[in-house]
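Notes follow the structure.
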Amino acid sequence: MAHQNTIALIYSSQEGQTEKIAGHLADYFKNKAYPVELLDVDDIPDDFSADAYAGVILGGSIHIGRFSKTLIRFAKANRHALNQVANAFFSVSLSAAGDDDESRQEVHHYFDVFWEATGWQPILMAAFAGAMPFSRYGFMKRMIMRSAGRRAEGGEKLDTSKDYEYTDWASVDAFGDHFIDQLATRQTHSEAPSAP
Ligand SMILES: Cc1cc2nc3c(=O)[nH]c(=O)nc-3n(C[C@H](O)[C@H](O)[C@H](O)COP(=O)(O)O)c2cc1C
């Protein structure tokens with residue numbers, strides 16, 4: 001059983017950017033003296049219990065319009081326990097790097113799909129811009145991301161010999177601060193004396 005002060009940070013990542021963001025958040029919380037458990041959703045132990053933690057954050061990336069099946073399954077199975085503790089969700093996608101209406105609609109659509117598939121409405125949510133690590137892509141991913149990348153980089157400027165990162169780390173830190181606020185509010189409420 002985890003210590004009651006611990007934050008569980010659970011991520012699903014294909015090329016490493018969501019894992020990097022989750023790792024960044026873990027360091028951010030540790031620097032503020034919160035114990036953290038960083039877990040890949042694919043390696044979650046069977047006896048995992050969300051309500052053994054002070055709070056749980058889930059993070060997942062989008063590939064071809066979808067979050068990973070394991071992440072969806074996990075959020076759906078644990079949705080009631082997640083609501084018993086401080087909770088948050090973040091998505092990672094290339095759409096979140098765009099500042100046009102189409103990109104914003106895509107980001108909202110991904111959240112809608114997540115809610116519909118899991119039945120879980122997290123208290124705190126954020127959409128972070130991801131990355132295009134061309135050096136990590138095989139043939140198929142390179143082909144897919146070449147056209148998506150042209151949109152992100154403005155046409156022919158795209159250089160597929162480079163890795164691109166769009167994550168705004170200040171907004172990741174701000175998300176961490178909002179989560180700490182939520183933890184503090186819950187703690188205050190649970191410590192408050194009950195009404196006579
Ligand atoms: C094959 C592939 C498909 C993708 N499809 C989408 C997509 O449909 N929408 C989107 O916004 N981003 C898409 N992306 C971008 C990823 O969400 C982005 O690269 C993110 O940083 C990946 O995070 P991860 O490394 O944690 O898996 C795609 C990336 C790849 C490689």
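Every number for a ligand or one of its atoms is a count from 1 in the order of the listing.
Listed by number with element, the atoms of ligand 1 under 4.0 angstrom from any heavy atom of E15 are 22 (C), 24 (P), 25 (O), 27 (O), 31 (C). Residue-ligand proximity, Q17 to ligand 1, at heavy-atom distances under 4.0 Å covers atoms 21 (O), 23 (O), 24 (P), 25 (O), 26 (O). Remark: ligand 1 atoms within the under-4.0 Å shell around heavy atoms of G130 are 21 (O). The ligand atoms of ligand 1 that sit less than 4.0 angstrom from a heavy atom of Y110 are 7 (C), 8 (O), 9 (N), 10 (C), 11 (O). Listed by number with element, the atoms of ligand 1 under 4.0 angstrom from any heavy atom of Q14 are 24 (P), 26 (O), 27 (O). In the vicinity of T18, heavy-atom distances shorter than 4.0 Å reach the ligand 1 atoms 23 (O), 24 (P), 26 (O).
In terms of polar-atom proximity, K141 is not counted as a contact of ligand 1, lacking any N or O under 3.5 Å from an N or O of the ligand. In terms of polar-atom proximity, E106 is not counted as a contact of ligand 1, lacking any N or O under 3.5 Å from an N or O of the ligand.
Between W169 and H24, the two ring planes are tilted [angle within 30° to 60°]. Between F111 and H108, the two ring planes are perpendicular [angle over 60°; tilted spans 30° to 60°]. Using cut-offs of 30° and 60° for the angle between ring planes, the W120 and F89 rings count as perpendicular. Y166 and Y164 have parallel rings, their planes meeting at less than 30° on a 0 to 90° scale where 60° marks the start of perpendicular.
For atom 23 (O) of ligand 1, the closest heavy atom belonging to the protein is S61 CB, 3.2 Å. Of all protein heavy atoms, the one lying nearest to atom 19 (O) of ligand 1 is A131 O, 2.5 Å. Closest to atom 12 (N) of ligand 1, if we only count protein heavy atoms, is L94 N, 3.2 Å. Looking only at heavy atoms of the protein, atom 2 (C) of ligand 1 is closest to H63 CD2, 3.5 Å. Given atom 29 (C) of ligand 1, the protein heavy atom at minimum distance is M145 SD, 3.3 Å. Of all protein heavy atoms, the one lying nearest to atom 8 (O) of ligand 1 is G65 N, 2.8 Å. In this structure, atom 13 (C) of ligand 1 lies nearest to the protein heavy atom I62 O, 3.4 Å. For atom 3 (C) of ligand 1, the closest non-hydrogen atom on the protein side is I64 N, 3.6 Å.
In this structure, T185 contributes its side chain and D181 its backbone to a donor-acceptor pair below 3.5 Å.
With rounding to the nearest 0.5 Å, the separation of CD1 in I21 from CG in L9 is 11.5 Å.
Looking at T167 and Q17, their side chains do bring a donor and an acceptor atom within 3.5 Å of each other. Side-chain contact check for E19 and S13: no donor-acceptor pair (N or O, by modelled atom type) lies under 3.5 Å.
Under the rule for a side chain to side chain contact (heavy atoms under 4.5 Å, CB included), H80 has no partner lying at least two apart in sequence or in another chain.
Between A75 and T118, the closest heavy-atom pair is CB-CG2, 3.7 Å.
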